[in-house]
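Below is one structure; the comments refer to it alone.
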Amino acid sequence: MCGIVGYIGDQEAYPILIKGLHRLEYRGYDSAGISLINNKGELNVYKAKGKVSALEKSVEGKDISGTIGIAHTRWATHGEPNTTNAHPHFSQSKNLSLVHNGIIENYKPLRTELEKNGMTFCSETDTEVLVQLVEFMMVSHKCDLYNAVQLALKNVVGAYAIAILEKSHPDQIVCARKGSPLIIGVGKDKTSGRPEFYIGSDATPIIEYTNQVIYLNDEEIAIMNRAGLLDITNLSNVKQTPQLVTLQMNLDQLEKGGYPHFMLKEIWEQPDALRTCIRGRIDKAEKDVLLSGIIDHRDKFINCRRIIICACGTSWHSALIGKYFIEEACQIPVEVEYASEFRYRNPVIHPDDIVIAVSQSGETADTLAAIQLAKEKGAFLYGICNVIGSSIPRATHSGTYLHVGPEIGVASTKAFTGQVITLCLLGLAIAKEKKTLSNEMFHMLVDELQQIPDKIQWTLENNKNIDQFAQMFTYCKNFIYLGRGYNYPVALEGALKLKEISYIHAEGYPAAEMKHGPIALIDEEMPVVVIAPKHGMYEKVVSNIQEIKSRKGKIISVITEDDTVVKNMSDYSFVIPDTRDCFVPLLAVIPLQLLSYYVAIAKGRNVDQPRNLAKSVTVE
Ligand code: F6R
């Protein structure tokens with residue numbers, strides 16, 4: 001939530017910052033702002049309500065010169081989304097401007113204290129308190145910006161990633177983080193060869209210019225200047241040694257590549273993304289699974305008494321599928337917890353429990369807090385994340401990256417299938433060590449898992465007319481999604497996809513739960529999406545369909561390609577190829593992703609940036 005970008009070097013900062021804000025817009029789009037110091041030493045701040053494009057319009061004809069600047073795209077927490085509450089915020093003397101991602105929990109008492117000392121505030125934000133506090137420290141302790149930031153942050157409770165400009169020192173940027181991500185890119189100007197620095201909430205605004213980055217750690221403060229100096233200390237002023245990391249990402253992954261939306265691109269990219277996810281983890285010749293995270297901690301996994309998976313949203317749905325698979329393959333009890341609930345209970349955790357965090361962004365505040373709690377209680381932590389170098393992988397003992405490439409569309413698609421595959425690989429790797437599957441079954445599952453990317457490609461190719469079909473459902477106010485066993489979480493995921501981007505109310509249920517209440521909702525107006533592959537509980541799902549049909553509900557089914565029985569009972573069907581029961585979710589979710597996409601398009605929604613949502617939920 002909220003994106004930060006910064007630049008200092010020889011180039012004009014404005015184009016770099018605006019491009020960076022566009023790349024970070026998935027993190028929030030309530031307002032945007034920019035701050036630049038021009039060559040006359042003036043510190044300018046421009047802000048606009050709404051998207052980055054509104055900011056671009058608002059600065060037309062204004063002085064946007066300067067080779068140093070910071071910028072911000074906001075997902076509102078404290079104070080409504082308007083221009084006053086937009087970042088950057090000035091300090092009282094207008095000597096400082098600051099951008100912030102996170103939440104300052106004790107901002108109220110801090111504000112009261114500052115007001116007592118004569119400081120006045122323009123906005124309702126916690127961020128303005130921070131910049132005023134820094135200025136207050138500079139004045140009251142007669143110290144420089146760097147030391148003032150250290151002093152200020154010692155008084156702050158909460159999460160922050162910040163970047164600050166100082167008018168009277170136009171050759172430096174100070175930044176810091178705790179609980180919210182911040183990356184520094186280290187580059188060289190192409191013409192002058194002189195050093196330049198970039199700042200980003202993630203690598204996406206940086207990768208175009210340099211692949212050399214430093215991930216700032218919690219409670220670290222950095223200062224960088226035009227001469228190429230980069231100093232990092234912690235809050236106690238102890239010097240830290242920065243570790244330069246080479247990013248494994250390319251620019252093409254951040255572009256739409258000819259698709260109208262990132263979401264559609266990411267849906268179609270799934271076969272290739274999942275081939276990359278599997279690559280190096282399945283030995284095709286030996287039909288074996290090689291997960292270094294398991295090999296390195298073999299005893300932990302063999303002896304573990306219970307696995308607890310903590311996640312939120314779509315990642316929680318993939319975790320449920322992981323539970324079914326791991327329990328079946330490894331005979332280990334698995335609990336799936338909403339991270340936001342887990343962190344505020346007093347959960348019973350034993351030293352022989354393994355807690356797995358599943359998170360695309362690796363930054364979700366609740367998931368991070370849940371594993372921190374589990375760590376305090378002595379659990380072994382394993383992370384399954386997509387964003388490399390993000391906070392969760394850095395906080396866990398071991399883990400696996402999805403390697404499905406950056407996911408920009410706010411509605412998660414390829415990360416979901418990547419998480420399901422990774423959880424299945426994890427289950428297979430543990431089962432192999434524990435010998436809970438016969439060799440024959442193990443090899444059959446490994447073999448089938450390898451074929452999933454091709455089968456997803458088939459599913460995409462054979463459901464191309466969903467766009468025409470989706471038009472019919474734009475008038476609907478409600479949808480129900482049903483599935484059983486492995487496909488119950490798919491029903492939840494299909495419903496979530498529809499509601500988050502089309503704003504149509506949708507609920508997912510285990511199909512057999514219908515008769516315990518929700519069946520009362522069924523009438524001729526109600527579309528019911530049923531995931532009904534020819535597997536395990538097929539006959540029972542067919543009965544559930546009959547129950548809906550006899551109440552005049554409209555049936556949209558996801559069926560195995562040769563199933564004429566359910567096809568004939570349905571108003572519309574999406575086809576998937578046959579696979580093992582446990583891998584059906586990876587195929588069945590594809591038409592549901594497309595359905596939600598095309599219904600949202602038909603309703604004229606902004607699918608990549610749905611209202612009120614942000615990609616990375618770094619606040620609780
Ligand atoms: C839905 C969606 C969200 C995320 C949730 C967790 O499409 O994207 O529900 O799944 O906010 O995010 P991560 O996986 O980054 O922890």
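These numbers were taken from a predicted model, which means no experiment stands behind them. In listed order, ligands and their atoms are each counted from 1.
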Distances only, to 0.1 Å: what are the N or O pairs between ligand 1 and the protein that fall under 3.5 Å?
unit_1: ligand 1; atom_1: 7 (O); unit_2: Thr314; atom_2: OG1; d: 3.3
unit_1: ligand 1; atom_1: 7 (O); unit_2: Ser412; atom_2: N; d: 2.9
unit_1: ligand 1; atom_1: 7 (O); unit_2: Lys497; atom_2: NZ; d: 3.0
unit_1: ligand 1; atom_1: 7 (O); unit_2: Glu500; atom_2: OE1; d: 3.1
unit_1: ligand 1; atom_1: 7 (O); unit_2: Glu500; atom_2: OE2; d: 2.5
unit_1: ligand 1; atom_1: 8 (O); unit_2: Val410; atom_2: O; d: 3.4
unit_1: ligand 1; atom_1: 9 (O); unit_2: Thr314; atom_2: N; d: 3.2
unit_1: ligand 1; atom_1: 10 (O); unit_2: Thr314; atom_2: N; d: 3.1
unit_1: ligand 1; atom_1: 12 (O); unit_2: Thr364; atom_2: OG1; d: 3.4
unit_1: ligand 1; atom_1: 14 (O); unit_2: Ser315; atom_2: OG; d: 2.6
unit_1: ligand 1; atom_1: 14 (O); unit_2: Gln360; atom_2: N; d: 2.7
unit_1: ligand 1; atom_1: 15 (O); unit_2: Ser359; atom_2: OG; d: 3.4
unit_1: ligand 1; atom_1: 15 (O); unit_2: Gln360; atom_2: N; d: 3.4
unit_1: ligand 1; atom_1: 15 (O); unit_2: Ser361; atom_2: N; d: 2.8
unit_1: ligand 1; atom_1: 15 (O); unit_2: Ser361; atom_2: OG; d: 2.7
unit_1: ligand 1; atom_1: 15 (O); unit_2: Thr364; atom_2: OG1; d: 3.4
unit_1: ligand 1; atom_1: 16 (O); unit_2: Ser359; atom_2: OG; d: 2.6
unit_1: ligand 1; atom_1: 16 (O); unit_2: Thr364; atom_2: OG1; d: 2.4

Test side chain to side chain donor-acceptor pair (under 3.5 Å) applied to Asp353 - qualifying residues, sequence neighbours left out: Arg306

Contacts of His403 that satisfy side chain to side chain donor-acceptor pair (under 3.5 Å) - sequence neighbours left out: none

Lys49 NZ: over 12 foreign heavy atoms closer than 6.0 Å: no

Lys414/Glu266 salt bridge by N-O under 4.0 Å criterion: no

Taking distance alone, no hydrogens or angles, what donor-acceptor pairs closer than 3.5 Å link side-chain atoms of residues 466-479 to residues at least two apart or in another chain?
unit_1: Thr474; atom_1: OG1; unit_2: Gln471; atom_2: O; d: 3.0
unit_1: Asn478; atom_1: OD1; unit_2: His505; atom_2: ND1; d: 2.8

Tyr503 six-ring centre to Arg611 NZ/CZ under 6.0 Å and within 45° of normal: yes

